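Input: a single structure, listed below in structure tokens.
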Amino acid sequence: WSRPDAMEISKGVDWLTRYGYLPAPDPLTAQQQTLEGLIAAIKSMQRFAGLKETGTLDEDTIKMMQRPRCSLPDIIGTSEIMRRRRKR
Amino acid sequence: YSLSGTVWSKNLLTWRVNSFPHASPLTHQEIHDLMLKALNVWSKSSEISFQEASADADILIDFSRSHHEDGYPFDGIGGTLAHAFFPGEHPISGDTHFDDDEIWTKSLPESYGTDLFAVAVHEFGHALGLAHSSAEESIMRPYYQGPVGNPDQYKLPQDDVSAIEQLYGRRKRNPDQEKPALPVPTQPNIPYYPPQRPTYNRPRDQPDRCKAHFDAIANIRGEVFFFKKRYFWRLQPSRNLVSLNPAQIHQFWEGLPKDLDRVDAVYERTNDSKIVFFRGNNYWVFKDTKAEPGYPRSLSDFGLPPAGIDAAFVWRHNGKTYFFQGSRFWRFDEHTSRMDLGYPKEVNMWQGVPQDVDDIVSWNDGNTYFFKGTKYWKFTGGKVEADIGFPRSVARDWMYCDMTTEDLPTQWPKFRGESDCICARES
């Protein structure tokens with residue numbers, strides 16, 4: 001498979017945020033993700049979807065992200081958990 | 001299996017189909033019966049039961065499209081199919097919404113559409129307190145897995161039976177009752193939460209959101225998109241900016257010419273939730289983030305002059321699409337694909353706003369906002385007269401620019417909410 005282009009990464013981050021694998025954006029900090037954070041989120045998504053955990057936006061992962069699905073997030077309350085962790 | 005953390009405090013729930021699809025091969029009676037069967041799947045496996053109600057039902061079932069004011073907008077055919085709200089005390093708790101733009105089918109192969117029964121079983125699982133499961137055999141997997149066969153013979157996988165039994169207790173069985181299908185043991189799902197390490201890295205070539213003067217502003221799926229040059233910002237329904245930093249148009253919207261330096265106007269169509277981009281005499285139609293083949297096409301398709309438009313928006317008051325150019329505006333009917341008679345009219349019919357607006361949006365609060373330069377005007381509901389107290393500052397009210405004066409230079413970022421440090425909200 002070829003390397004994902006910038007658009008696929010952009011859409012991938014959007015997808016991962018929407019379904020709870022990345023924390024929701026905070027308008028006051030405008031935080032961006034580190035590469036390690038993004039890889040961990042992709043692996044988490046792959047594990048949940050039953051895909052091979054490559055940590056990259058490979059063809060199977062992008063294809064899975066394009067499948068019709070339920071609107072609700074897979075990971076509930078990520079941002080709340082992250083907030084608590086930050087406090088600790 | 002995975003549980004949401006909330007559960008109904010009663011074992012008899014009421015339900016009602018509140019609205020039906022606008023166009024569906026299924027009759028209202030078939031849809032009603034499929035919903036009943038999907039609910040019964042869960043009651044057969046636990047001590048929960050359902051009763052149809054005429055009003056104030058716990059589980060209110062609706063077919064909606066696009067943004068429908070619950071924070072989970074639909075997106076036309078494919079993509080998101082449905083959602084339901086977990087149990088609780090809020091009026092929306094238990095309510096279940098299906099995307100009206102899908103082609104809902106009954107026990108047909110996947111190529112014909114989406115199996116309503118399969119999706120309904122999944123969504124009612126949420127309405128009862130189940131979260132998404134990663135178990136291979138679970139109906140609570142988040143991805144659509146195709147039709148599940150005859151609704152009368154469908155049985156929940158063991159993973160889901162275990163989950164619903166834990167929430168509402170095991171159904172007392174007669175000895176002759178069948179056991180659940182697919183007794184495949186699965187491990188409980190333990191989600192992994194990725195570490196969060198924020199960084200702040202602002203490219204220097206991006207436009208300054210605090211200077212406003214946006215090229216186009218659009219309400220897409222309930223979010224407001226602010227376009228400026230080759231970039232855009234997103235404002236969520238909660239009025240949070242996704243990021244203070246803009247995203248690049250060409251890295252998100254696929255199919256626009258690479259040399260396109262800006263867009264004139266953007267809007268989401270009411271009839272099919274597709275998104276239309278305008279630039280000069282050209283327009284493109286997008287399915288989600290991808291341009292459809294055959295574009296760009298000419299503005300003459302709409303009956304508009306070739307000089308381009310300043311603004312496009314759907315007025316929630318009447319569902320019609322409006323196009324603005326200079327001192328004139330037109331009204332377009334998406335369902336007949338024709339411009340309404342009697343147009344164009346003069347912009348001054350919208351009292352209080354100048355000509356040559358940047359763009360216009362109908363926001364989720366039911367009001368309409370006109371933008372020009374650094375100012376915006378608010379029109380409450382269906383009024384055509386701007387509210388008193390307007391215009392106001394776009395930068396301050398929409399862009400999170402914490403400034404005492406709009407003339408403050410960008411070189412003073414700390415007065416614009418752009419200081420380089422990372423500060424947690426609570427501190």
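Not measured: the values here are computed from a predicted model. Hydrogens, waters and symmetry mates play no part in the numbers below; they use all other heavy atoms, side chains included. Naming convention: chains lettered A, B, ... in sequence-line order (proteins, then strands); numbering from 1 in each chain.
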Which region of [X], side chain (C-beta onward) or backbone (N, CA, C, O), has a non-hydrogen atom less than 4.5 Å from a non-hydrogen atom of chain A, or is it both or neither?
{"X": "B:Glu102", "answer": "neither"}
{"X": "B:Ala247", "answer": "neither"}
{"X": "B:His97", "answer": "neither"}
{"X": "B:Phe86", "answer": "side chain"}

Might you point out which heavy atoms bring [X] and [Y] nearest each other, and give the distance in Å?
{"X": "A:Ile76", "Y": "B:Ala131", "answer": "CD1-CB, 3.6 Å"}
{"X": "A:Lys11", "Y": "B:Phe252", "answer": "CE-O, 3.5 Å"}
{"X": "B:Pro142", "Y": "A:Phe48", "answer": "CD-CE2, 3.8 Å"}

Subject >> Salt bridge flag under 4.0 Å for residues A:Asp14 and B:Arg234 >> reply: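 Looking at A:Asp14 and B:Arg234, the cut-off is met.
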Original post:
In Å and rounded to the nearest 0.5 Å, what is the CG to NE2 distance from A:Leu72 to B:His122?
Top reply: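 The CG atom of A:Leu72 sits 6.5 Å away from the NE2 atom of B:His122.
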Subject >> Spatial distance of atom CE (A:Met65) from atom OH (B:Tyr143) [nearest 0.5 Å] >> reply: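 It comes to 7.0 Å.
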Original post:
With a 4.5 Å limit on heavy-atom distance, are the side chains of B:His132 and A:Tyr19 in contact?
Top reply: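 No; the side chains remain at least 4.5 Å from each other.
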Original post:
Are B:Tyr72 and A:Cys70 close enough that some pair of their side-chain heavy atoms sits under 4.5 Å apart?
Top reply: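 They are not in side-chain contact.
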Original post:
Do A:Arg69 side-chain atoms and B:Arg141 backbone N/O form a donor-acceptor pair below 3.5 Å?
Top reply: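 Side chain of A:Arg69 to backbone of B:Arg141, a donor-acceptor pair under 3.5 Å: no, none is there.
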